[in-house]
Amino acid sequence: MDLRKIGDNVWEIPKQGEMRVPAIVYSSARLLEDIRRDQSLVQARNVACLPGIVRASYVMPDAHQGYGFPIGGVAAFDVDDGVISPGGVGYDINCGVRLLRTDYDESDVTAKRKELLAEIFREVPAGVGKGGVTKLSRSVLKEILVRGAEWAVEKGYGRAEDLERTEERGRMAEAAVDGISDRALERGIPQLGTLGAGNHFLEIQKVLEIYDETAARAFGVEAVGQVLVMIHCGSRGLGHQVATDYIEAMENAFGVAGLPDRELVNAPFKSSEGQRYYRAMSAAVNYAFANRQMIAHWVREVFARVLGGAKGMDQIYDVCHNVAKVEEHEDGGRSRRLVVHRKGATRSFGPGRPEVPAPYRSVGQPVIIPGSMGTASFLLAGTKEAEGLSFGSTAHGAGRVMSRHEALRRFRGEEIRDDLARRGIELKSTSWKGVAEEASEAYKDVDEVVRVSDEVGLGRLVAKVVPIGVMKG
Amino acid sequence: MAVEGAPAAMERYRILPHTADGKFQAFGRTLDEAFGNAALALASLMWDWEKIGPRVRHFVHVTGIDREQLLVKFLSEVIYLFETKRFLLGRVEGLRIREEFSGFKLEALLEGEALADAHELHGNVKAATYSDLKIEECDGFTVQVVVDM
């Protein structure tokens, strides 16, 4: 692979062969060793060959091999001449992260952290095959798909202010249910309001370090030791079914000849298949927003019950890291409407963008980057520069470096629990095997990922947080 | 899974390492058999199918524009039945693939049990993908699949 260093932490695969644009990789030399070990760069090159791609196929510092598109991949396509691809969004549509602040200090919760975690574990359904507590009808599910977190707030899950502090205000307006299959609905009905399994988690955290006081204050992060709550999950089986359905629909409509990888199947954005997928994907995005809205509500209820209040438990933000959206971006001195695919990448809009909620508009949007289980997570602020560098995007997490199989061979869930306990971190999970699979050693070093992000200008470091209680699906 | 010392032809499938997800190869003397073993390989990533009895039956019928799509849709069926009917696959009976003018058809009887407290689940397969998917004929059939977990 012809990979050239073109700047500090910036590498390029020059345009060659079928590539319509170059591929740009944001990575340190150390992270690049991991990235080069799998097919991420080949995948980034394949993405650069897709019709209507604008500027470059981008690779974030946490990249690893995905299906078709790399995870940690960003690609934007012209709305008129470009395509939309389910593989550029991923199977877990609107997998994302929600972060709540509190007025509590670590010392307020230390004695009660076991109880808090046990209660959250009881209230928030999690794990494989675990259904939700709500019994939904099809018509209510359809309403949720159209209205997202708005529906949840109206039903008493959380507050109206939460919507303002959610990407897209918790509802993608393009959503429609006409292209949602019965199967997707059937998978969605039992799973609303559940965390799921795999890499999804819920953490009670404390602020360890603040790097940017102005942005931190704007986000409601005021002091070291302050307690936060992070929720990481997505659209569950419904989103996976939408991806599966539209990969098939696009194959049937356009065939698979000439695709270097069938997961790159795509449709012109303006075609009927492209538009149907976009509406169905938006509906799955809304399901995930409603899901995190409900879980956040239950967490607040637990805090209120256990600590006698839910002091200052305002939402900092809720970000999607698997999504495609139509956005305005400057390109070649003019404003263009582009379909920006972020797969395992977080939007990182800087000051001034109208999409950034008013309270954050002077500092940039909050960018939430979860670490692996038991390690640090980070809060960043979006930057103006990122718009030019990556259509306003940065990394989404740590990114795996070891297979689940290998992790199971090397680690035991109970030992991880004991090790975390020695470091003052409480852990509850539905599966010790799941815990072993998610061992932090199976992931990249998230500190290095955010350092690169900050140095390149994709997202500015604001605060570092570490867990005090971890719940795994 | 293969019994130690048994001839290689007896091996139904092999789980392969994959950084982020699940990957396996399934084998069969015929394509039908390889597809059936692929369904068991997928099940093995979530539950111990060998401990599942034939108490519940689901007849499945899928079509595909080619064998690859047929395989992805057949495996998606196992995931769908698990998530919506809480069905744990234990055995694949009478799987038959036919090539027709417009593509491929598959019929099979899936036998298993409904999920109960006594069952242990150890993984969550959420989608079957085309990533690195291979269907090869060489001394029988080998199919390779990566699943999203």
Side-chain angles (χ1 to χ4, degrees), chain A residues 34 37-39 43 64-68 71 87 90-92 127-131 183 185-191 196-199 236-237 239-241 243-245 247-248 251-252 255-256 259 261-265 399-406 408-409 430-434 437 442 473, chain B residues 14-24 44-48 62-77 79-88 102-103 114-117 119-135 145-149:
Chain A
D34 291 330
R37 230 179 283 153
D38 63 24
Q39 295 294 305
Q43 294 185 328
H64 61 100
Q65 183 179 328
Y67 312 125
I71 293 165
Y91 282 90
D92 193 359
V128 189
K130 184 83 183 168
R183 294 201 152 198
L185 293 173
E186 284 176 63
R187 288 178 74 174
I189 282 172
Q191 296 181 348
N199 63 348
R236 313 284 285 107
H240 284 78
Q241 190 64 42
T244 299
D245 289 342
I247 288 169
E248 183 194 340
E251 284 186 347
N252 295 349
V256 293
L259 285 175
D261 178 334
R262 280 176 80 155
E263 292 283 324
L264 286 169
V265 75
R400 280 195 89 93
V401 286
M402 187 190 295
S403 71
R404 293 172 197 278
H405 196 70
E406 179 66 13
L408 275 180
R409 210 178 58 75
T430 58
S431 155
W432 292 124
K433 184 169 173 278
E437 287 180 348
Chain B
R14 191 176 298 165
I15 304 297
L16 304 171
H18 187 279
T19 311
D21 293 291
K23 184 175 183 177
F24 57 79
S44 79
L45 295 170
M46 297 196 272
W47 59 83
D48 187 352
V62 293
T63 59
I65 53 168
D66 53 20
R67 296 184 307 182
E68 285 77 9
Q69 195 189 68
L70 191 74
L71 179 57
V72 166
K73 287 177 73 176
F74 172 54
L75 296 177
S76 300
E77 208 72 22
I79 298 166
Y80 164 77
L81 289 171
F82 168 64
E83 282 195 15
T84 62
K85 320 277 185 219
R86 306 174 76 72
F87 172 73
L88 305 181
S102 56
L115 178 64
D117 287 343
H119 294 119
E120 208 173 299
L121 297 171
H122 54 251
N124 192 17
V125 176
K126 295 178 286 192
T129 79
Y130 288 102
S131 181
D132 229 356
L133 186 141
K134 286 180 190 147
I135 299 178
V145 185
V146 173
V147 293
D148 191 54
M149 296 188 74

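Throughout, a chain's letter reflects where its sequence line sits, starting with A, and its residues are numbered from 1. All values reported here derive from a predicted model rather than from experimental measurement.
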Where on B:Val72 is there a heavy atom nearer than 4.5 Å to chain A: the side chain, the backbone, both, or neither?
-> neither
Which bit of A:Glu251 is near chain B, if near means a heavy-atom gap under 4.5 Å: side chain, backbone, both or neither?
-> both
A:Tyr67 versus B:Ser131, closest heavy-atom pair with distance | CD2-CB, 3.4 Å
Just how far is it from atom CZ of A:Arg404 to atom NZ of B:Lys23, taken to the nearest 0.5 Å?
-> 15.0 Å
In Å and rounded to the nearest 0.5 Å, what is the OG1 to CD1 distance from A:Thr244 to B:Ile79?
-> 7.0 Å
Going through the checks in order, is the salt bridge (charged side-chain N to carboxylate O under 4.0 Å, His left out) test met by B:Lys85 and A:Glu186?
-> CA-CA 9 Å; B:Lys85 320 277 185 219; A:Glu186 284 176 63; 3.5 Å; yes
With a 4.5 angstrom heavy-atom cut-off, could you sort out which part of A:Leu264 is near chain B: side chain, backbone, both or neither?
-> neither
Criterion salt bridge (charged side-chain N to carboxylate O under 4.0 Å, His left out) on B:Asp132 and A:Arg262, from CA distance to verdict | CA-CA 9 Å; B:Asp132 229 356; A:Arg262 280 176 80 155; over 6 Å; no
Determine yes or no for a side-chain-to-main-chain donor-acceptor pair under 3.5 angstrom, with A:Glu263 supplying the side chain and B:Tyr130 the backbone.
-> yes
Go through the steps for B:Glu83 and A:Arg183 under the test salt bridge (charged side-chain N to carboxylate O under 4.0 Å, His left out), then give the verdict.
-> CA-CA 10 Å; B:Glu83 282 195 15; A:Arg183 294 201 152 198; over 6 Å; no
At what distance, to the nearest 0.5 angstrom, does CG of A:Asp92 lie from CG of B:Asp148?
-> 7.5 Å
So OG of B:Ser76 and NE2 of A:His240: to nearest 0.5 Å the spacing works out to 11.0 Å
With a 4.5 angstrom heavy-atom cut-off, could you sort out which part of B:Asp21 is near chain A: side chain, backbone, both or neither?
-> both
Measuring heavy-atom distances to chain B, does A:Gln39 have an atom under 4.5 Å in its side chain, in its backbone, in both, or in neither?
-> neither
Nearest heavy-atom pair of B:Ala128 and A:Tyr91: which atoms, and what distance?
-> O-OH, 3.7 Å
Do B:Trp47 and A:Val128 come close enough that some side-chain heavy atom pair is under 4.5 Å?
-> no
Interface moiety of B:Leu133 toward chain A, non-hydrogen atoms closer than 4.5 Å | neither
One option among B:Gly103, B:Ala127, B:Gly64 has the most heavy-atom pairs under 4.5 Å with chain A, and it is B:Ala127
Donor on one side chain, acceptor on other, B:Gln69 and A:Glu248, under 3.5 Å | no
Look at B:Glu68, B:Glu120, B:Met46 and state which one has the largest set of heavy-atom pairs under 4.5 Å with chain A.
-> B:Glu68
Euclidean distance, B:Leu16 CG relative to A:His405 NE2, rounded to 0.5 Å | 8.5 Å
Quick one: do B:Lys73 and A:Asp245 make a salt bridge, cutoff under 4.0 Å?
-> no
N/O donor-acceptor pair under 3.5 Å between A:Lys433 side chain and B:His122 backbone = yes
To the nearest 0.5 angstrom, please state how far the OG atom of A:Ser431 sits from the CG atom of B:Asn124.
-> 10.5 Å
